[in-house]
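The structure appears right after this line, and notes come after that.
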Amino acid sequence: MLSLRRTTLKYLQVRDYLRALAGSELTAGDPVPSERALCERFGVSRMTVRQAVDALVVDGILERVQGRGTFVAPPKVDLQVRLASFTEEMTRRGMTASVKVLGAGIVEAEPDIAEALQVAVGDDVIHLHRLRFADDEPMAVEHSWLPALRLPGFLDGGVPSSVYVDLGTRGLVPDWGEDTIDAGEADHDEAELLTIGPGKPVLRITRRAFTGDQAIEYASAAYRSDRYTLWVPVSRPN
Ligand code: GLP
């Protein structure tokens, strides 16, 4: 029991030391001290050092690069909880948004999509499956559904690079909406697309967006939680 507590304390010491180092002396891309150096410094086993590093990798503070070692990760993107598009959010952060279209077409609305979009079951809806990048790094996998009847010719010129810019040109950019955010694990396909391991944590964000009183989008996305921090302004209840 006592030795278990000692090991836990040592683990926390290593973890906190590396966390502090990553936030002070070292910057993104710098290598962290070697496993051996950390073992010697703290008098712990390699396993303890690895556990501490693992925890910081999951938190997005460090990253392991195959065959090269462990480095301080780039700072997380603070994703504001507001009705912004992916392109707007990345531009605000000084990053370049890009997209890989994994699938796009008109499908018949399934009951849950029909309900979310306030259309009849079986009505035409536009379905987009997209991998979103910031500065060429994969960040999120998104499925979006939009009511096809309200968006004639939406796919005629190919999938727009920004859906919200396209909606804006039609005077249909959403003006309010609701997001729900859940903790989840990347499934096999998401893990591959996001270049993270299967089962790694992701933020599952679903959105219903409205223009006036009409639903214009229902979306379901998996964001890398090692690269995102949700930023939520909070105020006292009235
Ligand atoms: C965010 C939202 C999605 C929305 C997308 C539009 O990622 N979570 O629901 O579809 O923005 O972004 P863009 O205009 O860059 O296509």
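In what follows, every heavy atom counts, from backbone to side chain, and hydrogens, waters and symmetry copies are set aside. For ligands, and for the atoms within them, numbers begin at 1 and follow the listed sequence.
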Does even one non-hydrogen atom of [X] get within less than 4.0 Å of ligand 1?
X      : result
Tyr218 : no
Glu88  : no
Ala221 : no
Arg132 : yes

> So which of Pro160, Ala219, Ser162, Ala97 gets nearest to atom 14 (O) of ligand 1, if we judge by its closest heavy atom?
Replying inline: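 Of the listed residues, Ser162 has the closest heavy atom.
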
Among all protein heavy atoms, pick out the one at the shortest distance from [atom]; state its residue, atom name and that distance to 0.1 Å.
atom                    : result
atom 2 (C) of ligand 1  : Arg207 NH1, 3.5 Å
atom 7 (O) of ligand 1  : Glu142 OE2, 2.4 Å
atom 5 (C) of ligand 1  : Phe86 N, 3.9 Å
atom 15 (O) of ligand 1 : Thr87 OG1, 2.4 Å
atom 10 (O) of ligand 1 : Glu217 OE2, 2.4 Å

>> Could you check whether Thr180 and Thr206, counting side-chain N and O atoms only, form a donor-acceptor pair closer than 3.5 Å?
In response: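 Thr206 vs Thr180: donor-acceptor pair found between side chains.
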
> For ligand 1, does Ser85 get within less than 4.0 Å through its side chain, its backbone, both, or neither, judged by non-hydrogen atoms?
Replying inline: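 For Ser85, backbone and side-chain atoms both sit under 4.0 Å from ligand 1.
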
> Can you tell which part of Tyr223 has a heavy atom less than 4.0 Å from ligand 1: side chain, backbone, both or neither?
Replying inline: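 Answer for Tyr223: side chain.
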
> When the aromatic ring centroids of Tyr164 and Phe86 are compared, is their separation below 6.0 Å?
Replying inline: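 Tyr164 vs Phe86: aromatic centres not under 6.0 Å.
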
